[in-house]
Amino acid sequence: MRVKNRARRRWRLAGAAGVALWMAVFIMCFHPSFVHAQTSPSAPAIPGVSVSVGGSGPTSVANTVKIVLLLTALTLAPAALILMTCFTRVIVVLSFVRNALSLQTSPPNQVLVGLALFITLFVMQPTLQQANTQALQPYLRGQISQTAAIERAEAPFKVFMAKQTRAQDLELFLAYRHETLTAEMERHPEAIAMSALVPAFTLSELQTAFQIGFMIYLPFLVIDLVVSTTLMSMGMMMLPPVMISLPFKVLLFVMVNGWYLVVKSLLAGYAS
């Protein structure tokens, strides 16, 4: 009983101390002298940032609208990176490799995405350099307008995407616009609209990536079948075949230098 009474007294004292502490903080925050000290001119000013959008004339308003549209377009940059470059094929093939090896988190997603980004930059470097030379630099020097810069920047990307796009996929989207794939479009991809070329290019990239993934899966599928058949013949029904086949698949992949072969096949697919 004495122990319980002591514990109760301690809890009461702790509660009283907590209430006293909160009352002190409340008084300090709302006391007139404290508020005056915080708002006095001698107190250090807190830096602030203000952003205003507007203008006094039509020209300034138009420039403001252009800036807002540019900021909105920047939010679509990841989609452009994924759909207008070789990033889609690379990341899908690398994911197939990891799944074929029956590895869930090795290599991790950050490593695969980082490798895919650098391979994309390596493959797209001539296209990006051409767009920089023809569109970005003249626009920064004030030699061409913004509309002309966008048109010039689209041209190298259209040429790159047209080389990797199947005619069947492109005709699919052109047919819904009541257009046909002419010989002029094949010779000059700049005449193809981006709204039709981008989804057609994405479909072609997915088709190619799945074809490569199927070829990657075949040797590892044979290993899984051999291991499963061997375990069943030995009567080891309860032993998961993945535990036995995983080391053999990793060993085979390392012996043939698998990552080198995969990246080599990806780069060879974009060789001009």
Side-chain angles (χ1 to χ4, degrees), residues 76-104 107 109 111-128 130-131 154-224 249 253 256 258-272:
L76 303 177
L81 172 65
I82 294 174
L83 300 180
M84 297 175 59
T85 62
C86 62
F87 180 83
T88 301
R89 183 191 300 187
V90 175
I91 192 63
V92 171
V93 171
L94 295 180
S95 300
F96 266 109
V97 172
R98 186 175 64 177
N99 294 332
L101 291 171
S102 301
L103 299 173
Q104 301 299 327
N109 292 330
V111 175
L112 292 183
V113 174
L115 179 61
L117 283 174
F118 275 94
I119 293 176
T120 302
L121 290 176
F122 179 79
V123 174
M124 300 298 298
Q125 183 178 2
T127 304
L128 294 174
Q130 187 177 359
E154 289 179 351
F157 284 94
K158 287 182 177 180
V159 173
F160 170 80
M161 290 187 291
K163 289 181 180 179
Q164 308 298 329
T165 303
R166 299 182 303 172
Q168 181 182 2
D169 296 330
L170 186 56
E171 290 175 353
L172 171 65
F173 292 95
L174 291 177
Y176 279 89
R177 301 183 59 177
H178 304 287
E179 298 179 3
T180 56
L181 183 60
T182 61
E184 182 68 20
M185 291 182 179
E186 295 179 355
R187 290 193 300 267
H188 302 283
E190 297 86 354
I192 306 175
M194 292 289 287
S195 58
L197 183 58
V198 172
F201 170 74
T202 305
L203 287 182
S204 300
E205 289 291 281
L206 290 175
Q207 178 71 15
T208 306
F210 274 70
Q211 291 175 354
I212 298 175
F214 173 76
M215 300 301 296
I216 292 174
Y217 253 100
L218 282 180
F220 301 112
L221 180 61
V222 173
I223 294 177
D224 288 333
K249 290 193 289 187
F253 193 73
V256 300
W259 291 112
Y260 170 82
L261 294 178
V262 170
V263 175
K264 180 181 179 181
S265 64
L266 289 173
L267 296 179
Y270 292 103
S272 57

Suppose we screen for side-chain contact (heavy atoms from CB on, under 4.5 Å). Which residues come up paired with [X], at least two apart in sequence or across chains?
X	answer
D224	S245, K249
P107	R98, V111, L112, W259
Y176	L172

T127 side chain to F157 backbone, donor-acceptor under 3.5 Å: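 Here the side-chain-to-backbone pair does not exist.
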S265 side chain vs V262 backbone, donor-acceptor pair below 3.5 Å: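 Side chain of S265 to backbone of V262, a donor-acceptor pair under 3.5 Å: yes, one is there.
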Using 0.5 Å steps for rounding, measure from the [atom1] atom of [X] to the [atom2] atom of [Y].
X	Y	atom1	atom2	value
L266	L94	CG	CG	6.5 Å
L174	R177	CG	CZ	7.5 Å
E190	L197	CD	CG	10.5 Å
L203	T165	CG	OG1	9.5 Å
F160	T85	CZ	OG1	7.0 Å
K163	S204	NZ	OG	15.5 Å

side-chain contact (heavy atoms from CB on, under 4.5 Å) between F201 and L83, intermediate numbers included: CA-CA 8 Å; F201 170 74; L83 300 180; 6.0 Å; no
Residue list, ring pair (Phe, Tyr, Trp, His ring centres under 6.0 Å) with F87, at least two apart or on another chain: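 None.
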All ring pair (Phe, Tyr, Trp, His ring centres under 6.0 Å) counterparts of F210, not counting sequence neighbours: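 Ring pair (Phe, Tyr, Trp, His ring centres under 6.0 Å) check on F210 returns F96.
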Over all atoms of both residues, closest heavy-atom pair of [X] and [Y]:
X	Y	result
P199	F173	CB-CZ, 3.4 Å
P189	A162	CB-CB, 3.5 Å
L261	V256	CD1-O, 3.2 Å
I216	A100	CG2-CB, 4.2 Å

Other residues, nucleotides, ligands: >12 heavy atoms within 6.0 Å of Q211 CD: yes
Whether over 12 other heavy atoms sit under 6.0 Å from M194 CE: yes
CA sep, side-chain torsions, deciding dist, call: Y270, Q164, side-chain contact (heavy atoms from CB on, under 4.5 Å): CA-CA 8 Å; Y270 292 103; Q164 308 298 329; 3.8 Å; yes
Using residues 118-125 as the side-chain source, report each donor-acceptor pair under 3.5 Å to any protein atom, sequence neighbours left out, with the distance given to one decimal.
residue	atom	partner	partner atom	Å
T120	OG1	A116	O	2.6

